[in-house]
Number of protein chains: 2
Amino acid sequence: MKQEHSGSGDPAKSLELLWRRRPAPSRGPKPALTVDGIVAAALRIADADGLAAMSMRRVADELGVGAMTLYRYFPGKGELLDVMLDTVYGDLPRRVVPGDWRAALDEVARENRELYLRHPWLLQVAISRPPLGPNVMAKYEWELTAVEGIGLTDLEMDATVALVNGYVHGAVRTAVESRQVIQRSGMTDKEWWLAHVPHLDQIGDLKKFPLSSRVGTAVGSEFDAPYDAEHAFEYGLERLLDGVSALVANRTAPEG
Amino acid sequence: MKQEHSGSGDPAKSLELLWRRRPAPSRGPKPALTVDGIVAAALRIADADGLAAMSMRRVADELGVGAMTLYRYFPGKGELLDVMLDTVYGDLPRRVVPGDWRAALDEVARENRELYLRHPWLLQVAISRPPLGPNVMAKYEWELTAVEGIGLTDLEMDATVALVNGYVHGAVRTAVESRQVIQRSGMTDKEWWLAHVPHLDQIGDLKKFPLSSRVGTAVGSEFDAPYDAEHAFEYGLERLLDGVSALVANRTAPEG
DNA sequence: GGTCAACTGCGTACACTGTACGAAGAATAG
DNA sequence: CTATTCTTCGTACAGTGTACGCAGTTGACC
């Protein structure tokens, strides 16, 4: 996959766009479009057909204008993506679970998971140096709230939130890739495995990989894809929170 | 980022390519290239300039042939990527640490990390349904060895290996993205943050995000990028293995 | 040795991409 | 009324993966 990148323009212009602070022009003709309208069209396309289908020409077509018209509203595609990101972050419920850090982190993980599942193209946008729009800021604040006041340092709070977010990203990416490959190929994972095994055994000698054969077969016969993804997510999240729990316990009673 | 996909051709052809079992043709002129030569050229480009730079035309140029010539050796770009993947997996040392599952899993994580750092383009290829070449098989076998015989079920073994691999993928992706964005923008994260804060405060009122301000400042002043990535990796891996540890302890002494 | 089938290399073409440039027209300030 | 600013958008450019078909080379068979 190719990564899609944010706009690298100057901070002032980007923040103006994200916070909708562009001063209305006085002199020329009235603009036919709005930033929100363009973003909505782009989101419709990305949600339905993926990020690869979201070209500037396609978005322009959706709005009934020429492709270059969009460049009057956004410096480039990167900035459009930035605003799309901040916009979908606005859909997070951001429920706060007070008094129970584990339940709160669990909620953070699940809301992020839902968001990725609703907008799979999010998995493909690079988010180091996120666009600092209102919803990106609110999301980070909400996530930190989950681990505030439980004895972690500021640095550990940030690392923990990043850890959970990274985990969710990876888990959903795997699940979505699996879902997409099933659709594209018209084969389940089990069918795919069964189509390969005979050739593989003849050409590469499966007996040289006893653990892979045993475990691979167990996984293939036990799981079908959606169930698998669901359980992998639950399994990993539990391990992760157990790990954080050990740290929190250590911070709460360090003189032991 | 756009995902790059594997070839979807029939298993026989793909496995033939991966295991180098293509019968040498008897009739026509001798081929001027070899599968290994093409893969080596493609790897040189991908390692140096990234996956986006690795176009069929560029690989062909590197070898001094026309673009379409490559299609005599690979059905398409996807299959070339498959063989590239299996090839770099061959560079893993695959050191076995006997008798200590935690050290063994740690080794798995670190070797995978090194591999991703050496070939960052690996982060962008989708690996659900990996190409079943000799090195892909050996890697999976080696990873399962780390968690064999410690009381986990076959399903838990697979889930644990997948969890560690997913974690490493995510951690390295974050680190590499950060490294790349610093290079492209010529700004460190701290400089970037300091360039945004004044505009952000004026336009969006930072006082509404007290935790973000506090933690963000702490992170910004304490870390520079490479140190940050290193520590984030260590921190997360420790949490993860602590979580697995809790499960293993539970399986070892379940009647407590 | 001649013939034919199989094989290799590769030029051209097609439908895409993001976006630089500049022309044509509309709205308003003076 | 004019000058300025602002809009829409056609055209162009350098890329992408790869389908198609042609020219030339080689070895197998008669």
Side-chain angles (χ1 to χ4, degrees), chain A residues 1-9 13 16 22-35 37-38 41-42 45-46 49-82 84 121 124-125 184, chain B residues 1-9 13 16 22-35 37-38 41-42 45-46 49-82 84 121 124-125 184:
Chain A
M1 57 174 161
K2 272 185 207 88
Q3 228 121 340
E4 298 284 351
H5 298 297
S6 305
S8 55
K13 277 262 180 279
E16 249 176 32
R22 211 159 51 133
S26 61
R27 204 67 85 85
K30 298 280 171 242
L33 306 173
T34 64
V35 165
I38 297 172
I45 295 167
D49 298 338
L51 205 53
M54 197 217 84
S55 67
M56 297 301 264
R57 281 172 178 83
R58 175 90 186 272
V59 174
D61 278 2
E62 182 96 357
L63 294 164
V65 301
M68 292 312 293
T69 299
L70 302 181
Y71 288 86
R72 289 283 135 195
Y73 299 85
F74 297 89
K77 199 189 185 186
E79 284 79 3
L80 172 54
L81 263 168
D82 284 350
M84 288 170 68
W121 53 269
Q124 292 168 342
V125 332
R184 239 199 338 268
Chain B
M1 58 176 159
K2 274 185 206 85
Q3 228 120 339
E4 299 282 351
H5 298 296
S6 305
S8 55
K13 277 261 180 276
E16 249 176 30
R22 212 163 45 137
S26 59
R27 207 67 85 82
K30 298 278 173 243
L33 306 174
T34 63
V35 165
I38 297 172
I45 295 167
D49 298 338
L51 205 53
M54 197 215 84
S55 66
M56 297 302 265
R57 281 169 179 86
R58 173 91 187 269
V59 174
D61 277 2
E62 181 96 357
L63 294 164
V65 301
M68 292 313 294
T69 299
L70 302 181
Y71 289 88
R72 292 279 153 199
Y73 299 84
F74 297 89
K77 199 188 186 188
E79 283 81 2
L80 173 53
L81 262 170
D82 283 350
M84 289 170 66
W121 53 269
Q124 292 169 344
V125 332
R184 236 200 339 268

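Keep in mind that the numbers below use all heavy atoms, side chains included, and drop hydrogens, waters and symmetry copies. Computed from a prediction, not measured in an experiment: that's the story for all the values here. Note on naming: letters A, B, ... go to the chains in the order of the sequence lines (proteins, then strands), and numbering restarts at 1 for each one.
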**Study point:** Side-chain donor/acceptor of A:Tyr73 to backbone N/O of A:Leu33, under 3.5 Å
**Key:**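 Between the backbone of A:Leu33 and the side chain of A:Tyr73 there is a qualifying donor-acceptor contact (under 3.5 Å).
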Practice item. To the nearest 0.5 angstrom, please state how far the CD atom of B:Gln124 sits from the CG atom of B:Leu81. Key: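 If I round to the nearest 0.5 Å, the distance is 10.5 Å.
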Point to revise | Value rounded to 0.5 Å, distance of OG in A:Ser55 from CG in A:Asp61 | key: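 CG of A:Asp61 is found 7.5 Å from OG of A:Ser55.
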Rounded to the nearest angstrom, tell me the gap between atom [atom1] in [X] and atom [atom2] in [N].
X	N	atom1	atom2	answer
B:Lys77	D:dT18	NZ	P	8 Å
B:Asp61	C:dC10	CG	P	11 Å
B:Phe74	D:dG17	CZ	C1'	15 Å
B:Ile38	C:dT8	CD1	P	11 Å
B:Leu80	D:dT18	CG	C1'	14 Å
A:Arg72	C:dA20	CZ	P	11 Å
B:Lys30	C:dA6	NZ	P	17 Å
B:Met54	D:dT16	CE	P	11 Å

Output the single nucleotide from [options] whose closest atom is nearest the side chain of [X].
X	options	answer
B:Ala32	C:dG9, C:dA5, D:dG17	C:dG9
A:Ser55	C:dG18, C:dT28, D:dT8	C:dG18
A:Thr69	C:dT19, D:dG27, D:dC9	D:dC9
A:Pro31	D:dT7, D:dG10, C:dG9	D:dT7
A:Pro25	D:dT18, D:dT7, C:dT19	D:dT7
A:Met56	C:dT8, C:dA27, C:dT19	C:dT19
A:Tyr73	D:dT7, C:dT8, C:dG11	D:dT7

Check your understanding: Mapping B:Val65 and B:Arg27 to their closest nucleotides on DNA chain C, which lands nearer the 5' end?
Key ->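 Of the two residues, B:Arg27 wins.
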Exercise for review: For residues B:Val125 and B:Met84, determine if any side-chain heavy atom of one lies less than 4.5 Å from a side-chain heavy atom of the other.
Suggested key: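 B:Val125 vs B:Met84: side chains apart.
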Exercise for review: Decide side chain to side chain contact (heavy atoms under 4.5 Å, CB included) for B:Thr69 and B:Leu63; before the verdict, give the C-alpha distance in whole Å, the side-chain angles of both, and the deciding distance to 0.1 Å.
Suggested key: CA-CA 10 Å; B:Thr69 299; B:Leu63 294 164; over 6 Å; no
Check your understanding: Between A:Met68 and B:Met68, which has a closest nucleotide on DNA chain D that is more 5'?
Key ->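 Per heavy-atom nearest nucleotide, the more 5' residue is A:Met68.
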Review point. Does B:Arg57 get its side chain close enough to the base of D:dG15, under 3.5 Å, for a donor-acceptor pair?
Key: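 In this structure, the two groups form no donor-acceptor pair.
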